[in-house]
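Step one of this worksheet: look at the structure below.
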Amino acid sequence: MWVNSVALDKAKITILSPDPAGGKILKDPETGKLLGILLDNAGDRLMELAWNSIDDQFEASYEGLLAGLEQAAIHGITTIGDGRMYWKRGWYEVWMEAEQEGDLTARVSVRPWIYPASPMLNQLKYFESIYSDDLARLLIVNQVKMYSDGIFINGTAKTLAPYLNTYLPEHPFGINYIPPQALSGWLESLTRIGYGGHIHAIGDGAVREALDAIENIRLQGMETPFTLTHIELVDESDVERFAKLNVTADFQVGSDYVAQQDHRWAELLLGAKRSHALMNLRSMYNSGANVTLSSDWNVHDINPIVGIANSLSMQNKGLPDITSAINAYTINAAESLGLETVTGSIEIGKSADFAVLDKDITKASTPEEIKQSRVILTLLQGEVVFDEVR
């Protein structure tokens, strides 16, 4: 174990452990000198310390939340699945304040983040204390966010075959934030207190491990909703398991390189065959799985219109038609959040949540034409939360 102290924003921060769960601190292989590069959860742990050291932390978080909600409303988003709620940074209290002050302009499924390096029992106790599945509220807390693996560009996405090149030669198959055995334990414990969740699983190894863990709880008769999100690579033998296990497959397609199927960056890491298999929405759609699209903003464009257009421009790997693309952002997404009885489609008895566009995108002749459309009005529960003319 080593100890490294650095000065950051007037706070002295000490990092213990060279290998935090789900992360890596890079050192020069010859001298052992720290390179100042933190991968994945190692960076998260440092950021946690840094964020908690700043002055006016609550005010800064609240201001950022309102700015984010404004952007969501501008783009016609009426329901949000919070990417990961860092509750150790006081973010749950920020969300609660926004609800109490009437500042929420979207229905929000707040997903507390599972800290991979923290004890399970303490976290479960906290999750149980904040749980709420009252669908009459705008703030819902009945799903968590957890990471199975990292990302390809860092060599931390978990793969079934080794990387061709990696920053982490001691981990040729990538790494886990939460190991497979612990993942099964987490899911069993979460379902007992009512939680479903979204599991970050990018590599084909992480996808298989997550599906195995979900299959374990399905065999115990538990039908809690689970989604694998940020999916990029799925082994052919695992595609059919999504529908069989009632697991949603969530993709992010809001980047130009995704729409253009430009995966040259991945060939050095994975080889041509695996890199060309990335982001195959069509195979998942054809399997009968519930396929959703989301933004992962600000990694990808927040605008659903861009995601819809991109999903149709991916040739034989994209979604087959405009209806399936719209469904992936609406009713399918509501189902993944357990909100399909409340929102996701315009029906009698559901909440009046919808966006008005300046043109009918179902009649657009090309994806580029779809991208030219814009939101002019957004309503949540029948109340205007964005109006272009205001």
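What you are looking at is a predicted structure, and each value in this text was computed from that prediction instead of being measured.
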- Could you walk me through whether E48 and K88 pass the salt bridge (charged side-chain N to carboxylate O under 4.0 Å, His left out) test, one step at a time? CA-CA 8 Å; E48 187 104 332; K88 292 185 181 182; 5.7 Å; no
Rounded to the nearest 0.5 Å, how far apart are [atom1] of [X] and [atom2] of [Y]?
X	Y	atom1	atom2	answer
Y195	W186	OH	CH2	11.0 Å
I199	S148	CD1	OG	7.5 Å
R111	T227	CZ	OG1	7.5 Å
I361	I308	CD1	CD1	4.5 Å
S295	D301	OG	CG	8.0 Å
N216	L187	CG	CG	8.5 Å

- Query: Side chains of K359 and R374: does their closest heavy-atom pair fall under 4.5 Å?
  - Reply: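 With C-beta onward as the side chain, the pair stays apart.
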- Query: Got M47 and Y86 here, is their nearest side-chain heavy-atom distance under 4.5 Å?
  - Reply: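 SC-SC contact between M47 and Y86 ruled out.
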- Are L268 and L168 connected, step by step, through hydrophobic side chains (Ile, Leu, Val, Met, Phe, Trp, Tyr) whose heavy atoms are closer than 4.5 Å?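 No.
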- Query: Would you say L312 and V306 are hydrophobically clustered, going by side-chain heavy atoms of ILVMFWY under 4.5 Å?
  - Reply: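 Unlinked, L312 and V306 end up in two clusters.
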- Item | Short N-O contact, D44 and R84, less than 4.0 angstrom |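 A salt bridge links D44 with R84.
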- Is any NZ, NE, NH1 or NH2 atom of the basic residue among E368 and K371 found under 4.0 Å from an Asp or Glu carboxylate oxygen of the other?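 Yes, this pair counts.
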- Query: Does the pair E128 and K125 meet the rule for a salt bridge (charged side-chain N to carboxylate O under 4.0 Å, His left out), with working shown?
  - Reply: CA-CA 5 Å; E128 195 166 13; K125 183 177 180 180; over 6 Å; no
- Describe, in one word, how the ring planes of W265 and H263 are oriented to each other, choosing from parallel (under 30°), tilted (30 to 60°) and perpendicular (over 60°).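 Taking H263 first and then W265, their aromatic rings stand perpendicular (interplane angle over 60°).
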- Taking the six-membered ring for Trp, are Y177 and W113 parallel (under 30°), tilted (30 to 60°) or perpendicular (over 60°)?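 Perpendicular.
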- Steps toward side chain to side chain donor-acceptor pair (under 3.5 Å) verdict (Q381, S351): CA-CA 5 Å; Q381 297 182 327; S351 182; 4.5 Å; no
- Message: Using a 6.0 Å distance limit plus a 45 degree cone around the ring axis, check whether K24 lies over the aromatic ring of Y167.
- Response: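 Cation-pi check for K24 and Y167: fails.
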- Quick one: do the E267 and H276 side chains pair a donor with an acceptor below 3.5 Å?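 Looking only at side-chain atoms, H276 and E267 do form a donor-acceptor pair, the distance falling under 3.5 Å.
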